[in-house]
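Notes follow once the structure below has been shown.
Numbers restart at 1 for each chain; the letters A, B, ... are given by sequence-line order, proteins then strands. All heavy atoms count here, side chains included; hydrogens, waters and symmetry mates do not.
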Amino acid sequence: MSQEETSAPGNFIRDAIEEDLRNGRFTEVHTRFPPEPNGYLHIGHAKALTIDFGMAETFGGKCNLRFDDTNPVKEDVEFVDAIKEDIHWLGFDWDDREYYASDYFGQLYEFAVRLIKKGRAYVDDLSADQIREYRGTLTEPGKDSPWRNRSVEENLALFERMKKGEFPEGACVLRAKIDMASPNINMRDPVMYRIIHNPLHHRTGSTWCIYPMYDFAHGQSDSIEGITHSLCDLAYEDHRPLYEWFIKELEIFPTRQIEFARLNLTYTILSKRYLKQLVDHGHVRGWDDPRMPTLCGMRRRGFSASAVRNFITQIGVAKNENLIDIALLEFLVREDLNKTALRVMGVLNPVKVVITNYPEGQTEFLEAVNNPEDPSAGTRPVEFSRELFIDQDDFREEPPPKYFRLAPGKEVRLRYGYIIKCVDYIKDPHTGEVTEIHCTYDPETRGGYAPDGRKVQGTIHWVSAGSAIDAEIRMYDRLFSVPDPNKPEEGKTYLDYLNPDSLTVLQHCKLEAGLENAKPGTRYQFERKGFFTVDLDSTPAKPVFNLTVPLRDSWAKIESGQKAGK
RNA sequence: UGGGGGAUCGUCCAACGGCAGGACACAUGGCUCUGAACCAUGGUAUCGGGGUUCGAAUCCCUGUCCCCCAGCCA
């Protein structure tokens with residue numbers, strides 16, 4: 001935790017836990033974070049895991065990490081290590097309490113046998129389609145399976161044979177015998193176990209060919225671990241009666257399940273399935289593409305863990321459906337990096353400036369502040385010479401009103417440099433592009449000061465052409481062009497809203513010398529432009545930076561206002 | 001015409017019968033060698049209708065709207 005984190009206001013889960021402690025329902029708090037190892041963690045998981053680990057922390061309890069690995073068809077070890085890395089990155093730890101639902105397969109099997117013996121579970125030979133038909137609909141009750149009343153002995157024998165692998169996939173399942181007419185569909189004899197011969201489980205291999213369903217694994221695992229509070233998505237609210245039914249019938253530790261609303265973020269999607277599609281179909285470069293809302297993507301983009309943590313505490317916890325403005329996340333990233341990132345000058349779209357009255361071949365070093373928010377960051381020398389690069393956007397042939405930057409006949413301050421005046425410029429006759437700007441400098445203004453007290457409104461960034469390094473800069477924008485791609489219009493899908501300009505790669509950007517050796521993950525502020533982070537692909541020979549988040553640009557607002565006003 | 005859940009500024013969250021508050025966003029102004037940061041100011045909210053009460057976002061009744069559930073996924 002690099003800095004003070006904004007403290008979270010109370011929420012209904014904290015209230016509920018306090019009440020449980022007060023009235024003696026529980027004497028301690030023990031939670032768990034239960035990811036399924038079938039994909040990478042995203043910002044939505046960050047919310048869940050912050051609640052899980054955070055609640056334990058605020059009540060002096062523990063939080064287990066438990067992989068919910070009950071479906072070998074979807075899961076893989078590939079994801080286990082990545083998930084652990086992401087949790088650690090956020091700053092949470094589970095000590096030695098790393099568990100797997102698959103650790104409990106033996107115990108779960110015993111639980112199932114217990115229910116069969118109680119006459120509360122049976123083996124059903126109906127096909128998946130038939131089970132669906134028999135289940136009824138939202139408004140009509142279901143009907144009993146013809147296999148519902150097999151004897152305990154027969155069920156025991158059949159379940160044993162399922163376990164031994166005597167049946168093909170789909171031949172039968174184990175079901176809880178509850179109530180096919182329940183208004184809650186989850187109580188209509190839910191499937192507890194199904195047969196899966198292939199693929200083999202990533203941890204238990206060929207030991208099992210029957211696997212428990214979520215409803216017969218998650219809650220039971222909670223009980224086995226002595227979890228007091230099982231905090232989960234609103235989607236499981238309907239499952240709570242079933243969760244509690246199993247606890248009662250099995251007479252096991254009575255964990256309390258409490259549900260909260262999942263996070264939704266504007267201009268992105270937080271569905272593992274959709275995220276996987278973006279990766280598989282090549283819409284992004286991978287799970288850690290900096291445009292992805294995955295934790296590894298955000299990390300690569302340059303978002304700091306403390307900014308993400310602050311974000312989670314700021315959005316709060318409630319049961320309302322929500323759609324958080326991504327501007328809040330961006331604000332918190334800026335807030336954090338503003339305090340910590342070293343400042344540097346980088347020219348994204350270079351145009352050459354020649355200081356005509358500056359001696360050819362001469363160079364000098366000027367002192368630049370590394371971080372005005374942090375005096376201890378010190379200063380650095382930056383090279384100045386006759387030929388410089390500035391950003392194309394900082395020069396206009398015909399400056400609009402209130403334009404404070406360089407234009408014919410106008411003065412501007414080079415940050416930490418000199419005040420210069422544009423005396424001429426050269427245009428490519430074919431493209432009309434300005435290729436070179438000629439200026440004179442005022443030697444009396446070294447360091448950017450105006451000893452005569454004259455007002456120079458604009459200050460722009462620059463780099464010395466002789467020493468500047470070339471870099472690739474990847475400019476990122478929102479992945480989707482609409483606030484809520486989850487709610488497509490008729491006939492469209494979220495893919496129809498992908499922002500075609502979410503990535504713009506800039507080559508031959510000019511940066512201050514020295515930056516070629518910056519290590520991947522290092523964050524800088526390119527003055528007046530934004531925060532940039534050295535990408536994983538970066539090498540000294542070919543430096544690569546990611547735009548983490550741009551600086552606020554009030555000039556852009558003024559200018560667009562001017563255009564709109566016409 | 002089943003069951004479960006939810007409605008408070010544009011967006012999130014708070015207020016737990018006692019002055020509806022905070023953050024982001026937006027707007028305006030200040031400051032400025034980053035048009036950044038920072039500072040100041042401003043506008044906008046209790047879903048509707050009844051009731052209880054000295055007093056209701058909060059309690060009761062009623063209506064409306066929104067979300068979730070019919071995987072051998074989690």
Task: Distance, rounded to the nearest Å, where Phe532(A) contributes CZ and U34(B) contributes C1' - done: 13 Å
Open item on the list: What contact category does Phe311(A) fall into here, base, sugar-phosphate, or nothing, at under 4.0 angstrom with non-hydrogen atoms?
Closed with: nothing
TODO: Looking at every strand, decide which applies to Val456(A) at a 4.0 Å heavy-atom threshold: base, sugar-phosphate, or nothing.
DONE: nothing
Open item on the list: With a 6.0 Å cut-off on the ring centroids, do Tyr274(A) and Tyr494(A) count as close?
Closed with: yes
- [ ] Between protein and nucleotides 64-74 of chain B, map the contacts as a letter string: B base, S sugar-phosphate only, - none, heavy atoms under 4.0 Å, written 5' to 3'.
- [x] --SSBBBSBBB
Open item on the list: What verdict does the side chain to side chain contact (heavy atoms under 4.5 Å, CB included) test give for Tyr104(A) and Glu225(A), after you've listed the backbone C-alpha separation in whole Å, the side-chain angles of each residue and the deciding distance to 0.1 Å?
Closed with: CA-CA 10 Å; Tyr104(A) 312 133; Glu225(A) 293 176 14; 2.4 Å; yes
Every protein N/O lying under 3.5 Å from an N/O of nucleotides 36-40 of chain B:
| from | atom 1 | to | atom 2 | distance (Å) |
| --- | --- | --- | --- | --- |
| A36(B) | OP1 | Ser554(A) | OG | 2.9 |
| A37(B) | OP1 | Arg552(A) | NH1 | 2.4 |
| A37(B) | O2' | Asn338(A) | ND2 | 2.8 |
| A37(B) | O2' | Glu373(A) | OE2 | 3.4 |

TODO: Starting from the 5' end of RNA chain B, give me the residue, Glu140(A) or Ile315(A), whose nearest nucleotide shows up first.
DONE: Glu140(A)
Task: Touch class at under 4.0 angstrom, heavy-atom based, for Tyr416(A) against every strand present - done: base
Open item on the list: Quick one, Ser145(A) with Tyr122(A), criterion side chain to side chain contact (heavy atoms under 4.5 Å, CB included). Give me CA distance, side-chain angles, the key distance, then yes/no.
Closed with: CA-CA 10 Å; Ser145(A) 164; Tyr122(A) 63 97; 4.2 Å; yes
Task: Spacing between Phe260(A) atom CZ and C13(B) atom P, to the nearest angstrom - done: 13 Å
TODO: Any salt bridge (Lys or Arg N to Asp or Glu O under 4.0 Å) involving residues 261-275 of chain A? Give me the pairs, sequence neighbours left out, ordered by first then second residue.
DONE: none
Open item on the list: Using a distance-only criterion (donor-acceptor N/O pair, under 3.5 Å, no hydrogens), is the base of C13(B) paired with the side chain of Asn320(A)?
Closed with: no
Open item on the list: Salt bridge or not between Arg148(A) and Asp189(A)? Use side-chain N to carboxylate O under 4.0 Å.
Closed with: yes
TODO: For the pair Tyr211(A) and His201(A), name the ring-plane relationship: parallel under 30°, tilted 30 to 60°, perpendicular over 60°.
DONE: parallel
Task: Torsion-based syn/anti label for G71(B), 90° from 0 as limit - done: syn
Task: Electrostatic pair Asp179(A):Arg188(A) at N-O distance under 4.0 angstrom - done: no
TODO: Name the nucleic acid region contacted by Leu414(A), choosing base, sugar-phosphate or nothing; use a 4.0 angstrom heavy-atom cut-off, strictly under.
DONE: nothing
Open item on the list: Without decimals, in angstroms, what is the distance between Trp462(A) CH2 and U34(B) C1'?
Closed with: 14 Å
Open item on the list: Check the orientation of Phe526(A) and Phe532(A). Use parallel for under 30°, tilted for 30 to 60°, and perpendicular for over 60°.
Closed with: parallel
Task: Sugar-phosphate only, base, or nothing, as touched by Glu237(A) at under 4.0 Å among non-hydrogen atoms - done: sugar-phosphate
Open item on the list: Using a 4.0 Å heavy-atom cut-off, does Arg405(A) contact any base of the nucleic acid, only the sugar-phosphate backbone, or nothing at all?
Closed with: base
Task: Opposite nucleotide pairing with U41(B), Watson-Crick or G-U, both atom distances under 3.5 Å - done: A27(B)
Open item on the list: Base, sugar-phosphate or nothing for Lys272(A)? Non-hydrogen atoms, less than 4.0 Å.
Closed with: nothing
Task: Base-pairing mate for U64(B) - Watson-Crick or G-U, with both contacts under 3.5 Å - done: A7(B)
- [ ] Check every strand shown and say whether Asn38(A) touches a base, only sugar-phosphate, or nothing at a heavy-atom separation below 4.0 Å.
- [x] nothing
Task: Basic-acidic side-chain contact under 4.0 Å: Lys163(A), Glu160(A) - done: no
Task: side chain to side chain contact (heavy atoms under 4.5 Å, CB included) between Arg405(A) and Phe395(A), worked out - done: CA-CA 6 Å; Arg405(A) 284 109 96 151; Phe395(A) 174 81; over 6 Å; no
